Amino acid sequence: MKKVGFVGWRGMVGSVLMDRMKEENDFKLIHPVFFTTSQIGEPGPDIGSGVQPLIDANSVEYLGDMDLVVSCQGSDYTKQMHSLLRNSGWNGYWIDAASFLRKSERSIIVLDPINSDQIEKGIDTGIKDYVGGNCTVSLMLMAIGGLFKENLIQWVCSMTYQAASGAGAASMQELLTQMKQIGEISNKSQTKSSSNILEIDKDINKFINSDKISKENFGYSLAGNVLPYIDSQLKNGQSREEWKNQFETNKILGITNDPIPLDGICVRVGSMRCHSQALTIKLKKPIPIGDLETIIEKSNKWVRVVQNSKEASLNELTPSAVSGKLNIPVGRLRIMNMGDDFVSAFTSGDQLLWGAAEPLRRVLKILIKNSS
Ligand code: HSE
């Protein structure tokens with residue numbers, strides 16, 4: 001059995017990965033070894049085959065003994081350890097949740113329901129680094145990948161509604177704290193003066209804009225608010241999160257010349273772990289909605305077209321409807337006023353499942369199968 005080293009398995013993405021691997025009995029296929037950057041020698045997780053002490057994740061020697069390494073530790077760790085390990089002559093497969101290796105010409109961004117051809121080509125040509133994509137990109141491709149595959153898309157504008165989980169576990173906690181604090185201000189405000197909602201709102205807005213609200217992570221209140229900027233600023237006016245859309249989508253699809261333009265504004269909203277996106281799709285030619293729905297549904301077994309009705313949209317197309325699930329609903333599909341070749345769509349998906357852990361879990365199995 002292949003020795004697979006796990007780093008960062010205790011973090012949020014790592015924990016979701018561990019849970020999914022247990023659910024799917026994946027640990028039976030491998031010899032797992034658990035690493036740590038801070039608790040060397042402490043007992044590792046119990047995955048049903050006895051507990052082993054944790055091993056130093058900064059040791060090239062121990063990592064070098066693995067056939068595969070799966071890192072959910074973050075880009076700083078990858079930056080530090082990946083090149084050290086490669087320079088030591090290690091030739092195993094490196095699977096990573098972090099973004100650092102995505103730009104490398106010697107890496108594949110993995111999303112096998114969409115790009116199993118690219119993954120197979122990578123394996124055949126000796127590529128050893130397999131990296132999960134940005135969550136909004138992976139979720140958008142799981143939703144409308146069929147339209148890309150059929151070469152129907154001229155461009156896509158994606159306006160995102162990204163959950164707190166994309167900013168990390170501490171940010172999810174911070175959102176909850178902010179909601180609680182706002183609830184307390186609201187209670188005080190109601191008992192203090194009147195039940196006039198405009199007065200209550202004034203008190204809450206004052207609080208949201210003050211330094212009294214907890215905002216160590218976001219820097220602002222996400223509760224009762226939206227934050228129209230995610231990640232760092234680039235010279236062209238895009239945020240780094242927005243830049244990833246076009247680059248990663250084209251890389252995942254294996255398009256090297258004449259990239260499909262994708263752009264939009266990435267926004268953080270107060271949902272917990274599901275990213276939503278409103279898409280404007282410019283088709284290469286007009287296509288009836290019914291045909292588009294069929295192509296979308298046939299693309300993979302997780303995507304579902306939601307009828308464009310108020311009831312179905314509100315029941316099936318929200319973060320709360322998809323949280324913790326692998327389903328990818330796509331709805332609000334209709335031809336837009338701009339012309340017969342413009343289509344709108346709305347999709348929501350679990351940022352920690354298809355947005356992060358699931359593509360890694362699946363590529364691990366593909367690589368194991370191909371290397372035995
Ligand atoms: N960058 C994403 C976000 C999460 O901030 O929501 C990881 O892909």
Side-chain angles (χ1 to χ4, degrees), residues 8 11-17 20 70-79 95-103 107-111 114-115 130-143 158-175 215-220 222-223 225-234 238-252 262-279 319 322-323 326 328 347-363:
M12 200 158 54
V13 173
S15 303
V16 173
L17 177 65
R20 283 290 298 137
V70 180
S71 174
C72 298
Q73 183 72 23
S75 280
D76 287 345
Y77 176 79
T78 305
K79 247 181 242 177
I95 299 174
D96 206 324
S99 63
F100 180 65
L101 291 172
R102 288 185 202 144
K103 277 205 268 180
S107 76
I108 302 281
I109 303 181
V110 296
L111 188 65
I114 303 297
N115 74 344
Y130 293 81
V131 191
N134 171 266
C135 40
T136 47
V137 173
S138 298
L139 293 170
M140 183 272 296
L141 279 173
M142 287 300 289
S158 161
M159 299 301 196
T160 73
Y161 304 77
Q162 295 183 225
S165 59
S171 297
M172 289 174 84
Q173 288 287 357
E174 187 168 276
L175 172 61
K215 55 182 177 184
E216 247 175 60
N217 292 282
F218 288 118
Y220 301 87
L222 178 61
N225 209 4
V226 295
L227 303 177
Y229 217 103
I230 295 178
D231 208 339
S232 51
Q233 187 162 354
L234 304 182
Q238 282 181 309
S239 68
R240 187 168 300 282
E241 186 77 356
E242 289 151 7
W243 174 86
K244 287 173 181 173
N245 193 358
Q246 175 167 317
F247 172 77
E248 292 192 19
T249 299
N250 282 280
K251 180 161 176 173
I252 289 170
L262 293 105
D263 207 343
I265 295 177
C266 290
V267 178
R268 187 79 66 203
V269 298
S271 53
M272 287 296 275
R273 59 177 274 182
C274 295
H275 284 1
S276 306
Q277 304 182 55
L279 307 172
V322 291
S323 185
L326 287 162
I328 305 283
T347 182
S348 196
D350 192 302
Q351 186 263 330
L352 296 169
L353 286 167
W354 276 118
E358 195 64 6
L360 303 182
R361 185 187 76 77
R362 292 172 62 90
V363 83

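What you see is a predicted model, and the numbers here were worked out from it, not measured in a lab. All ligand and atom numbering here is 1-based and tracks the order in the structure.
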message: For the backbone of L353 and the side chain of R20, can you confirm whether one donor and one acceptor N or O come within less than 3.5 Å of each other?
response: no
- prompt: Within less than 4.0 angstrom of ligand 1, does H275 place any heavy atom?
  reply: yes
query: Is there at least one pair of N or O atoms, one from E241 and one from ligand 1, spaced under 3.5 Å apart?
result: yes
- request: Indicate yes or no for a side-chain donor-acceptor contact from W354 to the backbone of L326 under 3.5 Å, with no hydrogens or angles considered.
  value: yes
message: Evaluate Q351 for polar contact with ligand 1, using N/O atom pairs at a separation under 3.5 Å.
response: no
query: When you measure from atom 3 (C) of ligand 1 to every protein heavy atom, which one gives the shortest distance, and what is it?
result: Q162 NE2, 3.4 Å
field: Identity and separation of the nearest protein heavy atom to atom 7 (C) of ligand 1
entry: C135 SG, 3.0 Å
- prompt: Is it true that atom OH of Y220 has more than 12 heavy atoms of other residues, nucleotides or ligands lying nearer than 6.0 Å?
  reply: no
field: Neighbour count >12 (heavy atoms, 6.0 Å) for atom CG, L227
entry: yes
Nearest-0.5 Å distance, OG1 of residue T136 to CD of residue Q162: 4.5 Å
task: Using a strict cut-off of 4.0 Å, indicate which atoms of ligand 1 neighbour a heavy atom of I230.
output: 5 (O)
query: If only atom types and distance count, is the side chain of S107 paired as donor or acceptor with the main-chain N or O of K103 below 3.5 Å?
result: no
statement: of all protein heavy atoms, closest to atom 5 (O) of ligand 1 is R268 NH2, 2.8 Å
